[in-house]
Amino acid sequence: MNSTEIREFFRRLSEANPEPKTELEYGSGFQLLAAVMLSAQATDKSVNVATRRLFALAPDAEAMVRLGEERISEEIKTIGLYRNKARNLAQLARILIERHDGEVPRDRAALEALPGVGRKTANVVLNTLFREPTIAVDTHVFRLANRTGLAPGKDVQEVEAALYKRVPRQYLLNAHHWLILHGRYVCTARKPRCGECCLRDLCAFRDKTD
DNA sequence: ATCCCGAGGG
DNA sequence: CCCTCTGGAT
């Protein structure tokens, strides 16, 4: 895809969805961080079902520490990987209180030092909460970047680097959510809906699914 | 490279 | 049944 096509690619996504935002439900920075950490290998819908209960019981870091790993575990059992996530969330809340006044740090290294928080989660928090021009490469972004030819790469590091080189500045802030949402509802993993895709004529994959 | 791990879709 | 879902730690 050349630079003219890439600009058109994002122009169309922005036209279809001018203000894209996460579908995770949250009422504070702490809740966003928790929800994103819990969303690893899980759908947003299943995370929202669990966090509605969880955040009602423990809306902030202090309450989460008081709730404790065992109770957290019970509340998020319907999400996959729940034992690791419960342990991570309890420790994460405790560390936020000890090191960051119970708030979410606006700092990549501090975020990635938290249990259960790697580069992808840190990128989502920096972008969604602090509006920094980061692009988190998750399963949807990786698939879409490769499939369409927007930013090919053999691993997430390569794709992220390619995206920073190729995505026009004016679209950088929202690129993450546009790619996620398009991947979730149109460019799906198993059976992509090329017939109703606004990017069809720009996509390297289009002819393989007819 | 492997493990974690429930729910929903096809 | 198998595949997928906004990955991270070992």
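Proteins get letters first, then strands, A, B, ... in listed order; numbering begins at 1 in each.
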Looking for any heavy atom pair under 4.0 Å, which part of the strands does A/Thr22 touch: base, sugar-phosphate only, or nothing? base
Which other residues end up in the same hydrophobic cluster as A/Val65, if Ile, Leu, Val, Met, Phe, Trp and Tyr are linked when side-chain heavy atoms come under 4.5 Å apart? A/Ile97
For A/Gln91 and C/dG8, what is the distance between atoms CD and C1' respectively, to the nearest whole Å? 13 Å
Would you mind reading off the distance between A/Ile180 atom CD1 and C/dT4 atom C1', rounded to a whole angstrom? 14 Å
Non-neighbouring partners of A/Phe55 that pass ring-ring contact (aromatic ring centres under 6.0 Å, His included), sequence neighbours left out: none
Look at all strands and tell whether A/Val47 reaches a base, only sugar-phosphate, or nothing, counting heavy atoms closer than 4.0 Å. nothing
To the nearest angstrom, the CG-P distance between A/Asn48 and C/dC5 comes to 17 Å
Listing time: all N or O pairs from protein to nucleotides 6-10 of chain B that are below 3.5 Å?
residue, atom, partner, partner atom, Å
B/dG9, N2, A/Arg190, NH1, 3.4
B/dG9, N2, A/Arg190, NH2, 2.5

Using whole Å, what does the distance between atom P of nucleotide C/dG8 and atom CD of A/Gln157 come to? 11 Å
Span that lies between the P atom of C/dT10 and that of B/dC5, in whole angstrom: 15 Å
For A/Arg143, answer base if it contacts any base atom (sugar-phosphate contacts may also be present), sugar-phosphate if it contacts only those atoms, and nothing otherwise; contact means non-hydrogen atoms under 4.0 Å. sugar-phosphate
Kindly list each side-chain donor-acceptor pair under 3.5 angstrom involving residues 166-173 of chain A, sequence neighbours excluded, with atom names and distances?
residue, atom, partner, partner atom, Å
A/Arg166, NH1, A/Leu150, O, 3.1
A/Gln170, OE1, A/Arg7, NH1, 2.7

May I ask you to verify if any side-chain N or O of A/Thr121 is less than 4.0 angstrom from the OP1 or OP2 atom of C/dG7? no
Whole Å only: how far is the CD atom of A/Glu75 from the P atom of B/dC5? 17 Å
Roughly, in whole Å, what's the span from CG in A/Leu33 to P in C/dG8? 11 Å
Mapping A/Leu24 and A/Asn88 to their closest nucleotides on DNA chain C, which lands nearer the 5' end? A/Leu24
So CG of A/Leu199 and CG of A/Leu13: to nearest 0.5 Å the spacing works out to 4.5 Å
Test salt bridge (Lys or Arg N to Asp or Glu O under 4.0 Å) applied to A/Arg147 - qualifying residues, sequence neighbours left out: none
Roughly, in whole Å, what's the span from CG in A/Leu38 to P in C/dG8? 12 Å
Within this structure, what is the CE-to-P distance between A/Met37 and B/dC4, rounded to whole angstrom? 18 Å
A/Glu103: what forms a salt bridge (Lys or Arg N to Asp or Glu O under 4.0 Å) with it, not counting sequence neighbours? none
Interatomic spacing from CG in A/Leu32 to CD in A/Glu25 - rounded to 0.5 Å: 12.0 Å
